[in-house]
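Right, one structure below, let's go through it.
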Amino acid sequence: MPRVEQDLALAVRKAVRKAQQKKELPRFEVPEVPIERPKSVEWGDYATAVCLASARWAKMAPMDIAAQVVKRFPKTDWLAEITVSHPGYINFTLATGWLQEQVEAILAQGERYSDIDLGQGKRVQVEYGSANPTGPLHMGFGRNVVIGDTLANVLDAAGYQVQREYYVNDAGTQMGLFAESLFARYAQALGEPIQLPEDGYQGEYLACWGQEIAEEHGREFLEAPREQALEALKRIGLEEKVLGSIRADCEALGIRYDNWFHETSLYSEGQFETTMTMLRQRELLEAREGAVWFTASTLNDQLKDEVVIRSSGEPGYFASDIAYHYNKLVERGFDWVIDVWGADHQGHVPRMKAMMGALGLDPDRLTLLIYQLVTIKMGGEDIRLSKRAGTMVELGELTREVGADAVRFNFLSRATESQMEFDVDLAKEQSDRNPVYYVQYAHARIASILREAEARGCSPTGGDVTLLAHPAELALIRKMIELSAVIEKAAVNLAPHHLTYYAQELATLFSLFYRDCRVLPRKTGEPGVTTDKTAARLKLVEAVKIILARTLDLMGMSAPERM
RNA sequence: GCCCCAGUAGCUCAACGGAUAGAGCGCCGGCCUUCUAAGCCGUAGGUUGGGGGUUCGAGUCCCUCCUGGGGCGCCA
């Protein structure tokens, strides 16, 4: 895996020091050396503005500093040209030979060519999904699971050891309400005139599940004591119905999990007691108004105190979150924990950070990744989603109608901090023109070329990559080596949306190559392509297939051989 | 009232503090006897919500105002 940016930054730093030793530059502290990709080819493959930033410390014109740095730049075989341009940039152009070698390197290293070692094996847990388990996932949660799953892929590629977790909130009042609602639907299915609780879950899905349970179990739960019946329905509803549907929806979208963590286990295994004791010892708990409070206001006057144990004796959600995160960071010892949360939970972030401090943990070990909520447009109207009111579009339904790859791409192509509108009608209607198909089409075309090559007996074996000198070929190679930088950017900023843009750019460059450079000899007439060039281009095309497939894989999408 | 996020082309959205702000969709016009036309080429479209400031340099950082979304519960 090439680390061009890092090598360049180091070399620039070295050159400045050398020039300073030779008294060609005055002594000054070298600032961070930013390496960027210029927008125009006339500025080379990479550029740095470090001389512009240094000008005020060096008390010299940026152009003059740049000239001195270039003079002392260490010799390398992978750079062809180093130039200076106004108002003081240093521009670097990669050697053609080095670029061509990367094709061989990609073929040799395969899909892991672009992986980096940013994480150095650190153990990170990404928790995503984790909706209240009281019904099927709605569309809005698609954004949550797609961001989380893709981020996990990216961090894995960036050298972290990743665990993917779903937190099942199977304790608390919402579950109780769910059980009562399900009981009512079950009873109604058997002809009993039992009303839904006032704040109960109204969704159609509960009526279906009630019906199913009535068919499977008959009047069993009507005859049982109410408490016992509610417990049984809660268990059946949660394990069989809710989690069953969530697992199915995730699977349909290609969302993977390594672990499903049940909230109730925090109580049954003593985790909850342990953390409460810790907080008590640190004098952060206070009994007041019949409840027990976490006195966050003593830690930070921006914060309000928070109830941890309600006057009913039941722990509140914040209490279980403390225990849960203690479990992740201390008991299970993850170096870093990332929770993917919707913007409706943002108010919870400062409390969680304060809680980390209260437990004596470094707050940076916990990242709360907040994504802005999705607004749904259907039939030209904005729809408000509410599971309890039953107005929802189910994620599974969306996946069936629009297709998993298109759904993922749609949710993925926006930065997490920007609001997005999902126009369901447009997504269905335009599924053929969705950019995801553009990327997949490029992959399918490559597969087609390779099939055709085999049928005609053309082979890449012995292909000489130094024949790959056409501008379209070199542009493709340049884009391929960029994937490492994209993975890094996505991992550092927790911004998986960069992948979608990269994928489109790579596909575009392949399309241009396809237009300008024939791979296989023409069947009839001339001019054709020499055998040498065919072999070299087959190597290039195979490499592109690897990088494109890897990019699609990181986004959790399929790389079709035919379309 | 206080806190968080956003405001960029007709629409949906990009842009590590860097050079001339970019894509897709949509509009209009071209290109299939040749490896997949789900493709390619061309045209049009912008005072980056308004106003100040910091900086060699601001869509990006700071202040302020306006607009939209979210939060401020013994729900999660």
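Note on naming: letters A, B, ... go to the chains in the order of the sequence lines (proteins, then strands), and numbering restarts at 1 for each one.
Contact annotation: Lys304(A) side-chain N/O to G73(B) OP1/OP2 distance is under 4.0 Å. For Lys39(A), a side-chain nitrogen or oxygen approaches OP1 or OP2 of A19(B) to under 4.0 Å. His443(A) has no side-chain polar atom (N or O) that falls below the 4.0 Å cut-off from OP1 or OP2 of U36(B). Taking only side-chain nitrogens and oxygens, Tyr438(A) comes nearer than 4.0 Å to OP1 or OP2 of C40(B). For Arg445(A) and A37(B), the shortest distance from a side-chain N or O to OP1 or OP2 is below 4.0 Å. Residue Arg56(A) places at least one side-chain N or O under 4.0 Å from the OP1 or OP2 atom of C56(B). Side-chain N/O atoms of Ser511(A) include one lying less than 4.0 angstrom from OP1 or OP2 on C40(B).
We find that the ring of Trp43(A) and the base of A19(B) stack, their centres lying under 5.5 angstrom apart and their planes tilted less than 30°. Residue ring and nucleobase are not stacked for Tyr441(A) and G39(B) under a centre distance beneath 5.5 angstrom and an angle between planes beneath 30°.
Annotated as syn: C32(B), whose glycosidic dihedral is within 90° of 0.
With hydrogens and angles ignored, a donor-acceptor pair under 3.5 angstrom links the side chain of His345(A) to the base of A76(B). Evaluation of atom-type donor-acceptor distances gives no pair under 3.5 Å for the side chain of Tyr437(A) against the base of A38(B). A donor-acceptor contact under 3.5 angstrom links the side-chain atoms of Gln346(A) to the base of G70(B). Ser311(A) contributes a side-chain N or O that forms a donor-acceptor pair with the base of C74(B) under 3.5 Å.
Residues Phe513(A) and His470(A) place their aromatic rings such that the two centres sit no closer than 6.0 Å. Tyr267(A) has its ring centre less than 6.0 Å from the ring centre of Phe272(A). When ring centroids are compared, Tyr324(A) and Phe261(A) come within the 6.0 Å threshold.
Every residue was checked against the side chain to side chain contact (heavy atoms under 4.5 Å, CB included) condition with Pro471(A), not counting sequence neighbours, and none meets it.
Contact annotation for Thr500(A): no contact, since no heavy-atom pair falls under 4.0 Å across all strands. Residue Ala47(A) is in base contact, counting any heavy-atom pair closer than 4.0 Å across all strands shown.
Mapping Pro38(A) and Leu450(A) onto RNA chain B via the closest heavy atom, the residue that lands nearer the 5' end is Pro38(A). Nearer the 5' end of RNA chain B, as judged by each residue's closest nucleotide, is the contact made by Ile90(A), out of Ile90(A) and Ser54(A).
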Pair pattern of RNA chain B in dot-bracket, where unpaired bases get dots and | marks partners in another strand, Watson-Crick or G-U under 3.5 angstrom = (((((((..((((....[...))))..((((.......))))......(((((..]....))))))))))))....

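Annotation: cation-pi geometry not satisfied between Arg37(A) and Tyr46(A) (NZ/CZ under 6.0 angstrom from ring centroid, within 45° of ring axis).
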Between protein and nucleic acid, restricted to nucleotides 6-9 of chain B and to nitrogen or oxygen atoms under 3.5 Å apart, what atom pairs and distances do you find?
none

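With respect to Glu542(A) and Arg537(A), no salt bridge is recorded, no charged nitrogen being found less than 4.0 Å from a carboxylate O.
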